[in-house]
Protein chains: 2
Amino acid sequence: MSQRKTTIREVASRAGVSLGTASNVFNGKAGVGAESRQRVLEAAEALGFRPNSLAAGLRRQRTRTIGLVVPDVLNIVFNELVEHLENIALSQSYEVIIVTSREDPEREHERVRALLSRRVDGLVIVPTRDWSATEREMRHHRIPVVVLDRVAAHDHFPSVAVDNAAATRLGTEHLLGLGHRDLAFVINSTRLWNSAARVEGFLAAMRAAGLEKRARVLLPGMTEEETRAGVLPVLTAANRPTAVFTGSNVATLGVLRAVQDAGMAIPQDLSLLAFDDFAWLTVLRPFVSAIRQPTEALAGHAWRILTAAFEAPDRPAEHIRLPAPLIARETTAAPPGKVKAPRRMKAFKDTVDGALP
Amino acid sequence: MSQRKTTIREVASRAGVSLGTASNVFNGKAGVGAESRQRVLEAAEALGFRPNSLAAGLRRQRTRTIGLVVPDVLNIVFNELVEHLENIALSQSYEVIIVTSREDPEREHERVRALLSRRVDGLVIVPTRDWSATEREMRHHRIPVVVLDRVAAHDHFPSVAVDNAAATRLGTEHLLGLGHRDLAFVINSTRLWNSAARVEGFLAAMRAAGLEKRARVLLPGMTEEETRAGVLPVLTAANRPTAVFTGSNVATLGVLRAVQDAGMAIPQDLSLLAFDDFAWLTVLRPFVSAIRQPTEALAGHAWRILTAAFEAPDRPAEHIRLPAPLIARETTAAPPGKVKAPRRMKAFKDTVDGALP
DNA sequence: ATGAAAGCGCTAACAC
DNA sequence: GTGTTAGCGCTTTCAT
């Protein structure tokens, strides 16, 4: 190999036109004779010409490429976001370059710098816990940015996410309505702003029910294994919760493993409600009740805001919050105590002891 | 924004050195005075300099970037491949640009052209059913390519995959050993060469057991929904199989839905063996027996071969086939007939009628 | 050890 | 409608 690639110059000379004319053909510019155009196209075909987008981007100072930073490619939520964003982008003849931070602020920063070096026109980022360095870099470079999913209360950049607090409030009320009183909310970290909002929604609902004392928030760590290990003891304790609400996919996976280890049955011994829904939750038993994020709509807003910023860079930051519906399936049911001693519908007043005999 | 980005020239002049010296600093070239180096670094920091990799790539004629073409970002197998490949690449200070074909040969071709325009140094591709156009393009451009996962019997390019036929032979023997005689193998399409190999392994094992008449191969389509719709009637027919072996994730998902629709219980009514294993299969009930692809090893080989081709482009194509282990869990058990009329261990000789009463 | 200069392949501005 | 030309920002000889 290493045989030099065909350049537009060679195409032009083969077609017997000037370099500029050939360029105009490939860029669909008006003012090229039908015959010349035809000859250029033929020459390009014959020579196997592939325009060098490095050169074009360098010259044009725009790449029609956006960067997308996600923490992880193994998380289905991010996959869906990637999928939708890429589809929208392609439909507008933009491309997206995906990089992953692996929940590591340093790697995130480094990956963003790589994107900046590639001169992407804009950036969509799902940030890590501590992305201040990354954020500073982006601000410094004055590149259009949209923060997706893991938003803060007051992001400097425009942001789009689900209304996390409302979503967990909804979920908690569902559990409460089923008769649960001892609830645990399991999430990886509250350093993520959206996680904090999820916790907040959970707590708010518990508070409204006068149950704040019975509300437990577990923060076992960022991985599935840490979650399993951290949750297991509370599941096997005498005063264990009767329902667990997980704040993310990895939390759900970890809790499920802990439940396995504890030899418990869902929903007989324990109810489970998951944040983030996807296909496998609906096909293996028990079907998991979940809160579904509208990933396509999220991606759509992110794209809209980003491209608007291409036109008008200095418009005020828009902040979108979408509702996330709850889908009740098989894992959320009445607590075990309920069966033995049916409650008398005192609406959130008294208690049913969820502890096992 | 639109404020011009800092260039290496500005950095150099601020540091009081020539452009070339600054360049040498950023590329870690020897022969730069410690003092100059220091000044350049400071200037770069102060100015927020980000080297323009478009310009560098254009000049250098190499981008230290590889392209990765996958059919889909929602399939966990491809996600794992992406994850591992990206990690290896980054550790060698290469980057990877991921594009998706969505199982569409035209989109695949178009995406590969985009990658070519970006002047990636090499390509790893998980091809679609009919990638002849794509393949021709790649050959024409004489760029190093490795075919991953969806390999053919005799690929022109080096290839790495699991030994598909051996894997399904293994799986089929497992089912046979459990006492099943009426087996169905469900896969999306045999136009994928690796799928063809999977079918072949299944058939070979059935033939070896003298059961070729009882072997059924179902090709319901590329989507989960098509699979569900196509499989449901055969599951509810009088002469239904007692075990289903699915050849891919989407087939598994579709079959699971069909099983749901049919109101059947796994493994009591039907055994299920899946090709491709992952976390959720091990955490919701029943735990699904599966054949696991060693994705990390696959990615490792792909990378090794690709980078070897950077050094020696004309070496003969290497073809790697790795074994894929079977992990027996809860979904594979003895067929229902077995309970009523235990077989007398005539080793694959006679039959147990798997049809339900 | 450092500087000057050529040029990677392309687009856009301008001339004809 | 078409051709010419000047860079885009960088790396890489080649002098010094």
Please list residues of residues 38-54 of chain B whose heavy atoms come under 4.0 Å from any atom in DNA chain D, ordered by number; otherwise none.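 Hits under 4.0 Å, by residue number: Phe49(B), Pro51(B), Asn52(B).
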Less than 4.5 Å apart, side chain to side chain, heavy atoms only: is that true for [X] and [Y]?
X         : Y         : result
Asp130(B) : Arg191(B) : yes
Asn52(A)  : Thr7(A)   : no
Ile98(A)  : Val96(A)  : yes
Thr65(A)  : Asp121(A) : no
Val99(B)  : Leu115(B) : yes

Nearest whole Å is fine: how far is [N] [atom2] from [X] [atom1]?
X         : N       : atom1 : atom2 : result
Arg118(A) : dC8(D)  : CZ    : P     : 22 Å
Phe26(B)  : dG9(D)  : CZ    : C1'   : 13 Å
Arg59(B)  : dA6(C)  : CZ    : P     : 12 Å
Arg9(A)   : dT4(D)  : CZ    : P     : 10 Å
Arg64(B)  : dC10(D) : CZ    : C1'   : 17 Å
Arg62(B)  : dT12(D) : CZ    : C1'   : 13 Å
Arg37(A)  : dG3(D)  : CZ    : P     : 14 Å

Quick one: is [N] close enough that its OP1 or OP2 comes under 4.0 Å of any side-chain N or O from [X]?
X        : N       : answer
Lys29(A) : dG1(D)  : no
Ser36(A) : dT2(D)  : yes
Arg60(B) : dT11(D) : yes
Gln61(B) : dT12(D) : no

Where does the angle between the aromatic ring planes of Tyr94(B) and Phe310(B) fall among parallel (under 30°), tilted (30 to 60°) and perpendicular (over 60°)? parallel
Parallel, tilted or perpendicular: which fits the ring planes of Phe26(A) and Phe49(A), with parallel below 30° and perpendicular above 60°? tilted
If you only use heavy atoms from C-beta on, which nucleotide in dC10(D), dC8(D), dC10(C) is closest to the side chain of Leu58(A)?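 Among dC10(D), dC8(D), dC10(C), the one nearest the side chain of Leu58(A) is dC8(D).
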Can you tell me which nucleotide in dT11(C), dC8(C), dG9(C) comes closest to the side chain of Asn27(A)?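 So the nucleotide nearest the side chain must be dT11(C).
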Kindly give the heavy-atom pair with the smallest separation between [X] and [Y], and that separation in Å.
X         : Y         : value
His141(B) : Leu116(B) : CD2-CD2, 3.8 Å
Lys29(B)  : Arg37(B)  : O-NH2, 4.1 Å
Val82(A)  : Leu68(A)  : CG2-CD2, 3.7 Å
Thr21(A)  : Val32(A)  : CG2-CG1, 4.0 Å

Please produce a list of atom pairs where a protein N or O lies less than 3.5 Å from an N or O of nucleotides 3-5 of chain C.
residue, atom, partner, partner atom, Å
dG3(C), OP2, Ser18(B), N, 2.5
dG3(C), OP2, Ser18(B), OG, 3.2
dG3(C), OP2, Thr21(B), OG1, 3.2

If you fit an axis to the five pairs at each end of the helix from dA1(C)-dT16(D) to dC16(C)-dG1(D), how big is the angle between those two axes, to 10 degrees? 40°
Go through it in stages, so that I can follow the logic: the residues are Arg102(A) and Glu110(A), the test is salt bridge (Lys or Arg N to Asp or Glu O under 4.0 Å), and I'd like the CA-CA distance, side-chain angles, deciding distance and then a yes or no. CA-CA 12 Å; Arg102(A) 315 198 81 216; Glu110(A) 188 274 323; over 6 Å; no
5'-most contact on DNA chain C (nearest-nucleotide basis), Ala55(B) vs Gly31(B), goes to Gly31(B)
When we call it a touch if two heavy atoms are under 4.0 Å apart, what does Ser23(A) touch: a base, just sugar-phosphate, or nothing?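 Base, at least one base atom sits under 4.0 Å.
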